Every structure is written in C-alpha cells, then in structure tokens.
Amino acid sequence: MNRTVALWLAVGWVGFALLPWYAIEDGFWSFVWLDGFPTDADYAPGIVQAMGHGRLWFLPIGLALVAPFAVLWRDKTTPSFAFVLQAAGIFGLAYTVVQGFAIGIQGWEYGFLVTLFGEFGDRQFGMGYGALLTSAAFLFLLTRGMAARGIVKGDVFVVGSIGGVISLVVAFIVFPISRILVSAVQDNDENYAPALFFGKFLSTKIWGIDCLTSNVGCGVAWNSLVMGILVGAGTAALGLAFALVATRTGFRAKKLLRVLTVLPIITPPFVIGLAVILLFGRSGAISTFLEWSWGIEPSRWIYGLPGIWFAQMLAFTPIAFLVMIGVVEGVSPSMEEAALTLRADNWKTFTTVTLPLMRPGLANAFLIGFIESIADFGNPLVLGGNYDVLSTEIFFAIVGAQNDQGQAAVLAIVLLSFTLSAFYAQRRWLGQKSYATVTGKGDSGVHILLPKRLKWLVFGTVLPWSVLTAIIYCMIMFGGFVKTWGFDHSLTLMHYIEAFSVTTSEFGLVWSGAAWNSFWTTLEIAAISAPLTAAMGLLTAYILVRQRFVGKDAFEFGTMLSFAIPGTVIGISYILAFNVPPLELTGTGVILVICFVFRNMPVGVRAGVAAMSQIDENLDEASLTLGANSFLTLRKVVLPLLRPAIVAALVFSFVRAMTAISAVIFLVSAEYDMATSYIIGRVENGDFGLAISYSSVLIVVMLSAILVIQLVVGKRQLGRRDPEQFSAQRSAA
Amino acid sequence: MKQRIGHTFLAAAALAAFTLPGTASAAGKMTLYCSPQIEWCQLVVKEFEKATGIKVAMTRKSSGETFAQIKAERKNPKGDVWWGGTGDPHLQAAEEGLTVMYKSPMLGKLHPWSQKQAAQAGHKTVGIYMGALGFGYNTELLKKKGLPEPKCWKDLTKPAYKGEVQIANPNSSGTSYTTLATMVQLMGEKGGFDWWKALHKNINQYTKSGSAPIKAAARGETTIGIVFLHDVVTQAIKGFPIKAVAPCEGTGYEIGSMSIIKGGRNPDSAKKWVDWALSPAAQKLMPQAKAYQVPSNASVAPPPEAPKVDQIKLIDYDFGKYGSSAERKRLLSKWDNEVKSLPR
C-alpha cells in the first residue's frame, strides 16, 4: 500500500463524506453545524449534498475520489499508478474549482451558462472545511502521481511543495490581482473597452517629461522610477554599511546600533514623515534654528523628492540591513585569507573578493528597496509636496473624487512593469555565477577587518545616520507625552490614559482604553501570520534556489507580485475576489492573516534566496547521499544555516502585520479591527498625540517580539574562530 | 485552487482561536460603515444601541474608502448603512444604484437644503449635517510676512500670496472638487476657471487629502489653506493660531449624508438607524463628538463653536448637476488640462 496515496485519500474522504462542504456563516470555529448534521442542507458534507439534496453536480467529485483506490496497492513504478493519480487529481481539482465558480449565490454566475443551460434552480455559498480538504487531497494525489513519473527526480516532498506553493500563490496572489487588473480594459460599468486602456496608459500624466524643460511636474511614472532607483541604491549601500559595522569592526555599541536600525521598520510610516516635517519643515526646529542663527529664510525644500527619499531611507534601510547581514556574515573567510596570502592588501581583497561575493545580498537588498519605495504610500502622502508618484495616484484613483478603478489598474500595470524590469535587471546582474561560500569544508578562518579608508567611510555614514535616527525617535516618543505635538508641549499622560486605561469594576479588570480592542486583534493576527509567512517564504526560496522545473521564472515573479503592488490595490482586489463564493472570506480574521502572509512572504523569499545561494549544494548532496530525504535535508542541514534569513523573515512579517496600513483598511471589520486602521483614523483627524502614543506602545511590543524571535531562532554556527579572541592574539603578536 | 488553505487554517487554530462573532440580540443587529471621525462614530453607535437595543457592528473608513468598498462588495453586500462623510460619494453611490430609496418620516423636519439634496438623489441618500467651504490662515505667519488679511476668494489670487496658499487636488479630494464646482457656480465656468488659473500661481502644494491644507497651516507649513470651515474651527479649538474666513463673495457647501446599502442583510434595522440619526436626540450629540457642522434637523441648534451660518452667504449649490459623474469627469479633466498643466 502506498502511504502517501492512502493518507491523501483518507483526507479527501473525510472532506467529502464527513465535514460540512460549505463555509459556516458563524465563523470558521463555530460548531453550530454539529446540530442538524449531517442532513441539514447548509451543513451537509458533499456526498449528502449529492444524495439527499439533489445537488447532483457533486457526484463527479466522488468518482474522482474512488479512482485512486485502483492503484493504492500497485507499485509506484507501474505506469498506471502515475496515470490514474494524475488523472484523478487534475479532474477532481479542476471540477471542484469550476463548479465553485460557475454556481454562485444567485445560481449560474455567468450569463453564457444561463443561455446554455437555462436558469439554475439552486445556489451555493462559499466553500468550507469539506471543500478545502477535498481539494487539498486532489492536489497532493496529483503531485504524487507527477513524482511517480520522475518529475524533479521523483522527489515526493519537493513536488508536493511546489504544487502546494504554486496553488496558494495562484489562489491568493494571481487570482485576486488579475481580478483588479482586468478593470484596466473595462470602463466604469465593467464593459470591455480596450481603447480606453491605451488612452489612459499613454497619458502625459504618466509619461510626461515637461520637468526637463519647464517647472511643470514630470509624469508620475518617471517620478516613481527616479525615486525607486535612488532609494533602492541608497538603502542597499546604507544597509551594507550597517552590516559591515555590525560584523566586521570592533565597534562597541553594536547592540545599540542594531536596535536603532530596526526601529524604523516598526514605525507606522506617517510618524516618520511627521517627525521629518517637525525637524526640517518650514516651521521645523532645524529650519527655525537656521533662520535664527544664520538668517536663512525657511523654505519648503523638504516637500518633494528630498523629503520622500530621506523618510524612505529611514524606513527601508533596516530591511536592506536584515537582508545584508546574513550575506556579509556568510562570506567565507578562507577566500579572503587566500587573497591575503596571495599578497593582496585589505583594500584589494575587499573590492575583488568580499564585495563580489556579496552581490546576491546587494542585488536583493536593492530590489526590495526599489519595490518598497515605489509601492510606499505613507511617506509620499505626507512629504511628497507636488512630487506625484504612482502609489499615491493609485490610491486616489480608487478612493478619490474621480473614483476610477480602471485608472488605478492602469497605473498598477505601469508599476508592475517597473518591478518586472528591476527583477530581470537583478537577475542579469547576478548572472550564472556561483556565490556559494558556505561549503561545509574546513572553514574556520576569521573575516578580515575592513580596510582603513573604507572603515572611516562606513563609520562616517553610519554614525551620523544613527544619531539622526535616535533624534527622530526621541522626538516621536516625546510626541506621545505632550498635549499637541509640535505646538503645545506641556507634558501630559492623557493620550496614554485614553488609549490604554484599565479600570476595575465589580466584574474584575475592565480594559476600558479605546485602543485595547484593536491592540489585541493586531497582536493575535501578527503572531499567527509571522510564522506562516516565514515558512511559506523559506520553502519557496528553497524551491527556487535548489530545484529546477519548467516555469520557474514565472513562478518566482508570481511570488513577488503581491509585494510589488500597493496595498490599496491588494485590498480592493481581495474584496473583489473573496467577497463572493467560492472563497468567501471578507469580514473574517482569516482574510487578514492570508493577506499578510502573501503580502510579506516575498521578503522571506528574498532573504532566503540570498542566504541560500551562499550555501554550497554539495552540503545538500552529502546529506542526500547519506540517505536522508529532501525534507530531512531541508530541516537538518539547510534550515540551521538559514537562521539569519529566518529571523529576517519572522521579524519582517510580524512587524509588517502590525504596521501595514493601506491593504488592511479595506479588510478590517467591526470584529477584526487593526491597530493601524485605528491610528490612521486618528491621524486623519489630526489627533497625533493618541496616534503617537499608540505607535510608541506598538514599537515597544515589536522590539520585545524581535528579541524573543532572535532568542528562539538563535544564531547560526559557522564554525569560525571567535573574532575577539583572534584579534587579541593578533594584537599580542 | 484552494488546496492548502486547510493547512493555513489549522495552523492558525493552533496558535490562537478566533473568537466567534457576537450573537444577535432579540432586537436585531446591523453593520454600519461610518465615515466621520472615530469619536463621533463610537458615540452615535453607543447611543443608538441604548435607544433601540439593536446591536451595531461598526467600521470606520473615510468616505472615499467606504465608497470604494461598497462598490467592490456590490455582488454580496456586507454593510447595512453608510453614515456620514461628504455627500458627493453618496450621490455617486445613488447614481450607480448601490443604495436604496428610503423616505424617512423625519424628512419633513429637516432644513430645506437637506430636503432638496435628498429629492435630487431620488431619496437614496439624506443629509445629516452641512459644512460651508471657506479658508483659514495662520495669524502668526501672516503677521510675520506682513501680508494683508484675505477676506474674499478674489484676494487669494493676489500676487502677494505667492507660494502661501494650499488646497487639495480636486482629482483626489471631494473638498477641493466642491471648491471647483462652487467657483463654476459662483463666477460662471469661464470666470471660475480664470480664478483657478490665477490661484495656481500662488499654490505651494496641491495636497492629496482635503483637510491637509489647514493642518499644514496650523503647523506653519503654509499660510493659507482652503478647506471646509468646520475643519478650520477644529484646528482653532486645538489652540493653533488659525482664523477662519467665510469668503465675501459667498460660498458653496457640502452635505454630509447617509445611505442605506442595497442588498444589506438587515434592512429593518437600517431604516431604524436612518430615522434615529435624523432625530434631535442623535443630532444633539455633535458638539460632544467635536463635530462643528450644522445639523440637518431644523429643530437642533448648531454647536456654539460652529461657523455662524447666518453670517455666511451660501450659494444655491446644485447637487443634482455637480454631483453627477459626467459633469464631474468633465470639470476634472478640464481642470487637469487648463489649470494643473500651467507653469508656476
């Protein structure tokens, strides 16, 4: 008996014959269905739906679940084994999906089905546990069949993972995004109008180059592109500088430095923007000081590209740092030592050996910085001045006075084409070279110290930047304790009391503060989505780096899609896709988790890809040769070497789930309100005190969460000598 | 294409249990999409629950966001009532058939401007408050720069104010679109656009959000901001050196509205909400929620801090014409081509 087939058959039959096929309206964990089960039409499993409620269209699903029994006891090498499993899997899956889309809450979903078959007498709601388990069973029966045919060396685990990840990416990224991109070729009443698309796409608002010749602004596409490149390059360079200081110098306050670099990602973006205005704005502290001391007329120079660039550098450098640090640590000292032995000096070694080996890190850091920058919405909104960019235009195309979803889709397509180009540019730059430096061979060297010139350059950038970050954060924290930030600086605790007061009543503690509700929800959703995101991201990275299969490039781009698109577009596309059957998820907590997992997964993927391209494949092969399967290899060999990437993915996804704004605005509901949507409401109303005190609390929570994550995941052991001990020896000699 | 959601769900369960949605009380339940500031939303929900026993699930989003959401959800609506927020998107929702007609018995008790707007929308929306357009300036900055006090719309186009005025981009903000439509009605289409072209030279930034200009003025980032007067009052009450001006030529206004969403699951509760929200009991709550607009129920006096309506010359704003999407599209694209594209 084939164990994999038996397992998935069992899962499939449990889903089809035991659990309610449709979603339970009262929530996923509601057990009201036990009452009236299994006969009630709302709660019946698929097989009862078919037999007892005249929903005969369920019968083919049952047939597809019977077929695999025919090969259950066959040897996996017999041709019929693969054939039957693949046929049953494909048919079952396709049929389940098609019936789900075809029959909706008002009968036939599509007009042509009505003309073809006449009005449909029945209807169905969103899919529930039964449908999900059955579909999962079909998928993995299919991948088992494919593995039996020898695809990807016949590795059951790898084929299953690829199948699973692809299906999830299709269901939660490609499907919703295509729902909104379609509107690019539709008019406002959803009629097909391709001419409209070209009119909008070629508009001078997007591509105008007037700024070269006059003081009229350029097209938003150019603005976004310039901003993205400047921020991508800037964050990659600064991230590298921070990573070098943290790993290759004897700098004493490294711990503090790390905290400072992490702070900005855990801050809702508008807070940074506001702090920048309070410092550099026309009436900002520094501008006022300059006017008082040097008589410099205060101006609005910060509004526009300089302001956006500055705020985004603050916000996105930490992500670049998180990606870079694993890579900088991973560069093998033996190669550097070899260069030194060959009489290269420190500088030459660094520029010709170390730096080229860091290319995957630099490229991935640039890519993330670029994508984050052009998709960022908060900073351009606060600091953009008249420098319009794609992301803000997209937001206001959807929610602004013109309310033109098609326009938003067109702009999103422009944005996506930039992402795609950046993605391919990165691939070309990395080329086919090998960056493997973690080889498992004797590698107990110590990294060279930085060349003098570079050291001063790195310190010269990192220290002022850190001081600036520290000042900005002191200002932000201070803002929560004063009456009106930037105006009335009398100290008060009123904002904290309003948000986080706890009173006692006869029933015990009452969480009476206005923020508690959204605070707990946020914490819960973030805690659930972070590990899922990291797992999905790293599994995907493993597939991308270590496995070869047809359509890999398209797949890799697919995983980046949700990250590259501004949150607003994601939010609307999730409503369009998941507000109606077959997957009806709006208003639940699940949709928030899913949104975060798939939106933040790309960072896990990027960090994982960067780190994994340094790990020599021979390590995997050694493990496989010794008889471990690929799952065991992933768990025992690859994962422990990926600890920095795991930390990066966990931290990023946890933090993003707590600070993301634009996607969430459309997905929160009364039961599942998120901290950021509460904060943004306060900001819209100008209540910065409350918004900032809430943000400060979130920052503290996130900092502690990051510490916990680092403690739990731990550091990776690369078997190198202790650098401090080494430098002691060196100075003694 | 939903194969492994099961796994996601199970893993989610292992980490924390999702709470069940609250069970409905006997009096019923409803879902409210609320667009004004959160204090106001929370206050009206609390008072409505007290008055009727109906349990309200409320989400707050800005009016543009709510409109986008209702539009995206139209095949399977999740909300029952959309309460508050500027009238334009409510009118658009009515035009697109996203909301349903309901004539509240309270209708006769409302100010004429509210009744007129409701009639123009085929009673698919109804006004709950009114806010007049105007501008505000930072008194300290004005003094420091030695600028004269602006009193009229025309004053704002004087060269003295170059680089000192902010207004939102009408393409993104309803407030600014109201300004555009007001100028066209006040000065005729040609005169209105000439005013905008002259103003364009003085603008230091077209903001995205409608109320951003006055917040920038409050913090001294600009001298003058063109916004709704109640937004000016809000900043002044916070203590910023901001003064409100009702322009001498007269001005347009917005009507904050509410609509019943088509296909909502609790239509009876929705009607009860509308009746209650137009009642004096509900509209008297405004000052408590720091809302300084004029209530639509004629028997409720406006909050003392509110701009004095009898001192403002209001134009006869044509919501039927300027609320329609065709006219909006035409004016906005004309503005883009003739005003925004000019050099400064």
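Keep in mind that what you see is a predicted model, and the values were worked out from it rather than measured. Quick note on labels: first sequence line is chain A, next is B, and so on, each numbered from 1.
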Under 4.5 Å, counting heavy-atom pairs only, tell me which of A:I575, A:T134, A:L278 racks up the most with chain B.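 That would be A:I575.
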When A:A397, A:G304, A:G571, A:G385 are compared by non-hydrogen pairs under 4.5 Å with chain B, the top option: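 Greatest number of close heavy-atom pairs with chain B: A:G385.
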Which region of [X], side chain (C-beta onward) or backbone (N, CA, C, O), has a non-hydrogen atom less than 4.5 Å from a non-hydrogen atom of chain A, or is it both or neither?
| X | answer |
| --- | --- |
| B:K238 | both |
| B:N171 | both |
| B:Q235 | neither |
| B:P343 | both |
| B:K71 | side chain |
| B:N169 | neither |
| B:K75 | both |

Ring centers of [X], [Y] separated by less than 6.0 Å:
| X | Y | answer |
| --- | --- | --- |
| B:W40 | B:Y292 | no |
| B:Y33 | B:W82 | no |
| A:Y574 | A:F175 | no |

Just checking B:K290: does its NZ atom have more than 12 heavy atoms from other residues, nucleotides or ligands closer to it than 6.0 angstrom?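 No, not enclosed.
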Counting only heavy atoms not in B:K162, do more than 12 sit closer than 6.0 Å to its NZ atom?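 Yes, enclosed.
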So B:H200 and B:Y206, would you call those rings parallel, tilted or perpendicular, with 30° and 60° as cut-offs?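 Aromatic pair B:H200/B:Y206 classed parallel.
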Quick check on [X] against chain B: is it the side chain, the backbone, both or neither that has a heavy atom closer than 4.5 Å?
| X | value |
| --- | --- |
| A:T521 | neither |
| A:N386 | both |
| A:F666 | both |
| A:E584 | side chain |

NZ or CZ of B:K208 within 45° of A:F395 ring axis and under 6.0 Å: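 So B:K208 doesn't make the cation-pi contact.
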Write down the atom of B:E221, the atom of A:G281, and the distance for their closest heavy-atom approach.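 Minimum heavy-atom contact is OE1-CA, 3.3 Å.
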